Amino acid sequence: MAFRLAPTAASEGFRLEAHDSVGSTNALALEHARAGDPGKLWVVSKKQESGRGRRGRAWATPEGNLAATLLLLPGGELRLAATLGFVAGLALADALDAVVPRGRVAVALDGASEGRNRFELKWPNDVLASGAKLAGILLESTMLDGGRFAVAVGIGVNVVAYPEDLPYPATSLQALGANCDAETLFLALSDAWSENARLWDEGRGLSAIRKRWLARAAGLGGEVAVRIDGNVVRGVFETIDEDCRFVIRDDDGSVLTIAAGDVHFGAVASARV
């Protein structure tokens, strides 16, 4: 099966550029933006040679996994465009719910499962399955002429394989027993993106996105440790604020708002991170 857009996405003017292999879908999308592409372009591949994650970390995309980047030229402020990562997380979680049969993926084993999500969102940019990292999201931007900017919304999903030399649990759809290929997942993702982007509404619907995100949030109400520039802050994950920043309450009862950092939950939060 070839990559294709959902009818809803095609009807809204989204376009698709599919590759057998690329260096980085984000880098390619931003090159297109600097060359004058108008945006609403999905760049997708089942193999990525030089993918990257947050803070310059490598992101492996072996043959059969999904690397997808949506190029957008949003109006408004770059601050609001940064919240598109939360739109992406919701869209991917919705797509996974649509294509992975019930019973194939269990909720994380940390309590009662009734009403819980099979696919949870970890602030700021991960999707978890059974408590392990299944996907990552990376937003990158570039300035264009006339004060405009372009945003590449990169989404990488472990469909058939996952790295095993990580300091945290990771998994793939195949390891979880879910028989889904990259093309099927992308078809659902392109559909789910359209729905969640309409809700976001150029940032005007951010409060609705925040509410939906919190309903899928991993670790909410639990112990958390956040590494920020070499320092570790510990407390309880209370919420995300109106700008989608991470909010914790420390042992002294003080409320801390965090714009960027590496989050660790549960037993890992209790140890040195």
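Just so we're clear, the structure is a prediction, and the values are computed from it rather than from any experiment.
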Side-chain contact test, heavy atoms from C-beta onward, threshold under 4.5 Å: evaluate it for [X] versus [Y] and give yes or no.
{"X": "V127", "Y": "L121", "value": "yes"}
{"X": "L144", "Y": "R34", "value": "yes"}
{"X": "V233", "Y": "D250", "value": "no"}
{"X": "N158", "Y": "P163", "value": "yes"}
{"X": "S24", "Y": "Q48", "value": "yes"}
{"X": "E17", "Y": "L71", "value": "no"}
{"X": "R4", "Y": "L187", "value": "yes"}
{"X": "S190", "Y": "W42", "value": "yes"}

E120 bridged to K122 by N-O distance under 4.0 Å:
no
Considering only NZ, NE, NH1 and NH2 on the basic side and carboxylate oxygens on the acidic side, decide whether R118 and D97 come within less than 4.0 Å.
yes
Determine, step by step, whether E63 and K46 satisfy the side chain to side chain contact (heavy atoms under 4.5 Å, CB included) criterion, reporting the C-alpha distance in whole Å, the side-chain angles of both residues, the deciding distance to 0.1 Å, and the verdict.
CA-CA 6 Å; E63 180 72 35; K46 292 194 293 184; 4.0 Å; yes
How far apart are the closest heavy atoms of [X] and [Y], and which atoms are they?
{"X": "N65", "Y": "A161", "answer": "ND2-O, 3.0 Å"}
{"X": "T8", "Y": "S11", "answer": "O-OG, 2.8 Å"}
{"X": "D191", "Y": "A6", "answer": "CB-CB, 3.5 Å"}
{"X": "A81", "Y": "F149", "answer": "CB-CE1, 3.7 Å"}
{"X": "A150", "Y": "A33", "answer": "CB-CB, 3.5 Å"}
{"X": "A29", "Y": "V43", "answer": "CB-CG2, 4.2 Å"}

What verdict does the salt bridge (Lys or Arg N to Asp or Glu O under 4.0 Å) test give for D243 and R79, after you've listed the backbone C-alpha separation in whole Å, the side-chain angles of each residue and the deciding distance to 0.1 Å?
CA-CA 9 Å; D243 294 317; R79 175 187 64 83; 3.1 Å; yes
If you round to the nearest 0.5 Å, how far is [atom2] of [Y] from [atom1] of [X]?
{"X": "L5", "Y": "W193", "atom1": "CG", "atom2": "CH2", "result": "13.5 Å"}
{"X": "R148", "Y": "T142", "atom1": "CZ", "atom2": "OG1", "result": "11.0 Å"}
{"X": "L92", "Y": "F186", "atom1": "CG", "atom2": "CZ", "result": "12.0 Å"}
{"X": "L176", "Y": "L134", "atom1": "CG", "atom2": "CG", "result": "6.5 Å"}
{"X": "E195", "Y": "L90", "atom1": "CD", "atom2": "CG", "result": "10.0 Å"}
{"X": "R234", "Y": "L256", "atom1": "CZ", "atom2": "CG", "result": "13.5 Å"}

Has [X] got a side-chain atom pairing as donor or acceptor with [Y]'s backbone, closer than 3.5 angstrom?
{"X": "D201", "Y": "G203", "value": "no"}
{"X": "T239", "Y": "D241", "value": "no"}
{"X": "R204", "Y": "L199", "value": "no"}
{"X": "T69", "Y": "N26", "value": "yes"}

Joint hydrophobic cluster, [X] plus [Y], side-chain heavy atoms closer than 4.5 Å:
{"X": "I258", "Y": "V247", "result": "no"}
{"X": "V99", "Y": "I155", "result": "yes"}
{"X": "W123", "Y": "V255", "result": "no"}
{"X": "L96", "Y": "L189", "result": "yes"}
{"X": "L214", "Y": "I209", "result": "yes"}

Can you check side chain to side chain contact (heavy atoms under 4.5 Å, CB included) on L138 and N125, steps first, answer last?
CA-CA 7 Å; L138 176 67; N125 66 341; 5.6 Å; no
Quick one: do S130 and T171 satisfy side chain to side chain contact (heavy atoms under 4.5 Å, CB included)? Show the steps, please.
CA-CA 9 Å; S130 298; T171 191; over 6 Å; no
Residue that, paired with H19, satisfies side chain to side chain contact (heavy atoms under 4.5 Å, CB included) out of T25, L28, V44:
L28
Begin from the C-alpha positions of K133 and Y162 and carry the test side chain to side chain contact (heavy atoms under 4.5 Å, CB included) through to its verdict.
CA-CA 9 Å; K133 181 170 178 174; Y162 64 92; over 6 Å; no
Parallel, tilted or perpendicular: which fits the ring planes of F237 and F265, with parallel below 30° and perpendicular above 60°?
parallel
T83 and R210: side-chain donor and acceptor closer than 3.5 Å?
no
